[in-house]
2 protein chains.
Amino acid sequence: MPDRLSRNPSTSPADTPTRRQRADARNNRARLLQAARDAYALDGTDVPSSAIARRAGVGAATLYRHFPTRDSLIAAAFAEQFGQCIATVDEALKDDDPWRGLRTALTKVCRMQAEDRGFSAAFLAEFPDAPEVRRERARAESGLARLIQRAKDTGQLRKDFDSSDITLLLLANNGVLQDSPAASMAASRRLLAYFFQSCRPTDDTPLPEPAPLRLDDLYRAPRRTG
Amino acid sequence: MPDRLSRNPSTSPADTPTRRQRADARNNRARLLQAARDAYALDGTDVPSSAIARRAGVGAATLYRHFPTRDSLIAAAFAEQFGQCIATVDEALKDDDPWRGLRTALTKVCRMQAEDRGFSAAFLAEFPDAPEVRRERARAESGLARLIQRAKDTGQLRKDFDSSDITLLLLANNGVLQDSPAASMAASRRLLAYFFQSCRPTDDTPLPEPAPLRLDDLYRAPRRTG
DNA sequence: GCACAAACGGAAGAGGTCGACCGTTTAGCG
DNA sequence: CGCTAAACGGTCGACCTCTTCCGTTTGTGC
């Protein structure tokens with residue numbers, strides 16, 4: 001029961017859903033999530049679970065009790081940031097200027113990737129297929145599609161822009177991340193600037209075929225080290 | 001030339017440097033390299049060494065005898081392709097049109113990355129620090145710098161283009177690679193098209209600060225999965 | 001304060017990869 | 001054809017990570 005995909009602690013601090021949970025358990029759970037976020041942000045999601053447990057000051061068994069599998073810990077640790085990404089799209093849709101909205105949304109997400117390498121990896125590859133996540137993702141996808149169409153309609157976005165280019169950008173952005181968040185931010189900024197430049201409708205040179213990438217590919221692709 | 005650091009058989013078929021090497025040993029060595037290239041191209045460089053040995057039809061000990069460490073096998077397997085990359089720069093310098101030369105060189109290297117995921121990973125992260133390799137790299141780097149300057153001088157390349165942007169591109173390109181070479185190629189082509197578009201001197205929007213990346217960073221950065 | 005169950009920590013098992021040893025085979029040469 | 005040393009293959013130990021078990025501690029309600 002741990003972890004209906006991660007009963008978000010901040011959501012309902014006082015709820016007693018099915019049964020009583022002991023205070024120390026709740027506490028440990030929170031510390032594990034924090035430790036995981038810290039460790040992942042620094043070194044990526046391939047740090048050993050034992051390191052997370054140690055960092056949180058609990059035994060390995062306690063970690064496993066709260067998060068039966070390695071992936072469930074990763075998913076729970078980044079659930080909040082994942083939600084932020086989704087929300088970013090909703091917010092972008094509210095912008096009067098769709099192109100500005102799109103840019104802002106992409107900038108935010110790329111920044112989140114650059115700031116937290118662990119999140120970037122999790123965002124790209126390790127999120128669970130829980131139906132709720134799937135639904136959110138679909139919503140974000142359709143929101144992006146609408147945003148793209150609007151930006152094209154206002155003539156600010158080149159007509160041969162494809163929604164797969166969003167995926168392309170996020171993958172590329174993940175690729176340029178470095179060890180230090182500062183270096184990652186700089187690289188990400190530069191990449192994004194290049195990208196935005198070519199998004200403008202400059203008629204003379206058409207782009208080649210879009211890549212066969214859908215947003216789903218972000219989550220399915222084994223992001224191998226090589 | 002490729003491969004000091006693993007006496008290359010093709011270098012000098014008839015030389016008897018220190019001692020005689022048996023024919024079967026030479027044969028096995030070649031098969032190991034081929035097996036490694038095949039396996040790496042398909043699944044990336046993290047396939048177990050035992051799988052390579054099996055694929056080559058030899059025992060694990062034989063692999064280890066030829067390539068004392070995992071990394072030495074990877075380096076040897078991709079030495080040739082690495083050399084091609086270097087040569088690409090030399091060739092680009094011969095082009096009358098520096099901008100065309102630069103584009104051709106980058107296209108070739110990106111294509112090599114897309115075609116062979118293992119090479120991409122090796123190219124980016126696992127090449128050895130053998131002095132010769134280092135020298136070649138430095139030569140390529142200075143060649144690129146000259147190429148960039150010439151392209152700027154002819155007014156075909158934006159003035160705020162930075163040599164670190166080459167590194168940025170190669171990292172990004174590696175990031176968009178997919179499981180299937182076909183999908184990788186499509187993604188890579190699209191990315192490159194976007195990149196080239198924004199390389200043209202469009203005065204209105206300056207780029208942000210260049211990323212603190214040097215070509216060396218390609219080879220040093222732990223390209224973590226996350 | 002007591003009792004019970006929830007939760008804990010350490011240690012152990014399973015799986016998998018890297019690298020090393022060793023008895024056996026085989027190429028190369030006289 | 002036969003000898004010798006190079007080369008071979010299977011196996012074994014070390015290491016690391018994930019996951020599980022079990023005896024012990026601790027929070028909570030009566």
query: Whole Å only: how far is the CG atom of A:Asp46 from the C1' atom of C:dT17?
result: 16 Å

- line: Assign each of B:Thr69 and B:Ala23 the nucleotide of DNA chain C bearing its closest heavy atom; nearer the 5' end lies the nucleotide of B:Thr69

field: B:Gln81 side-chain N/O to B:Ala79 backbone N/O, donor-acceptor pair under 3.5 Å
entry: no

Passing candidate, side-chain hydrogen bond (donor to acceptor under 3.5 Å, both in side chains) with A:Lys108, options A:Glu91, A:Gln84, A:Gln113: A:Glu91

message: Just the rounded figure in Å: distance from P of D:dT17 to CG of A:Leu73.
response: 16 Å

field: Side-chain donor/acceptor contact of A:Arg22 with base of C:dA7 under 3.5 Å
entry: no

query: Is A:Asn28 near enough to C:dA7 that one of its side-chain N or O atoms lies under 4.0 angstrom from OP1 or OP2?
result: no

- line: Against the side chain of B:Ala61, the closest entry in C:dA11, D:dG9, D:dA7 is D:dG9

- line: Between CG of B:Asn27 and P of C:dT26 the distance, given in whole Å, is 15 Å

query: Quick check: are there more than 12 heavy atoms from other residues, nucleotides or ligands sitting under 6.0 Å from CZ of A:Arg31?
result: yes

message: Between P on C:dC18 and CZ on B:Arg54, what's the gap in Å once rounded to a whole number?
response: 11 Å

- request: Starting at atom CZ of B:Arg26, determine the distance to atom P of D:dA7, rounded to an integer number of angstrom.
  value: 10 Å

message: Is it the case that atom CD in A:Glu209 sees more than 12 heavy atoms from other parts of the structure closer than 6.0 Å?
response: no

SB check B:Arg139 B:Glu136 (cutoff 4.0 Å): yes

- prompt: Tell me: CG of B:Leu63 to P of C:dG19, nearest whole Å?
  reply: 10 Å

Shortest side-chain distance from A:Arg70, nucleotide among D:dT19, D:dA7, C:dA7: D:dT19

message: Can you measure A:Asp71 atom CG to D:dT19 atom C1' for me and round it to whole angstrom units?
response: 14 Å

query: Any side-chain N or O of A:Thr62 under 4.0 Å from OP1/OP2 of C:dA7?
result: no

query: Does the side chain of A:His66 get closer than 4.0 angstrom to OP1 or OP2 of C:dA7 through an N or O atom?
result: no

- prompt: If you check the B:Asp24 side chain, which of D:dC8, D:dC18, C:dG9 turns out closest?
  reply: D:dC8

Under 4.0 angstrom between A:Ser50 side-chain N/O and D:dT17 OP1 or OP2: no

Gap between atoms CZ and P, on B:Phe67 and C:dC18 respectively (whole Å): 15 Å

- prompt: Ignoring hydrogens and angles, are the base of C:dA7 and the side chain of A:Arg65 linked by a donor-acceptor pair under 3.5 Å?
  reply: no

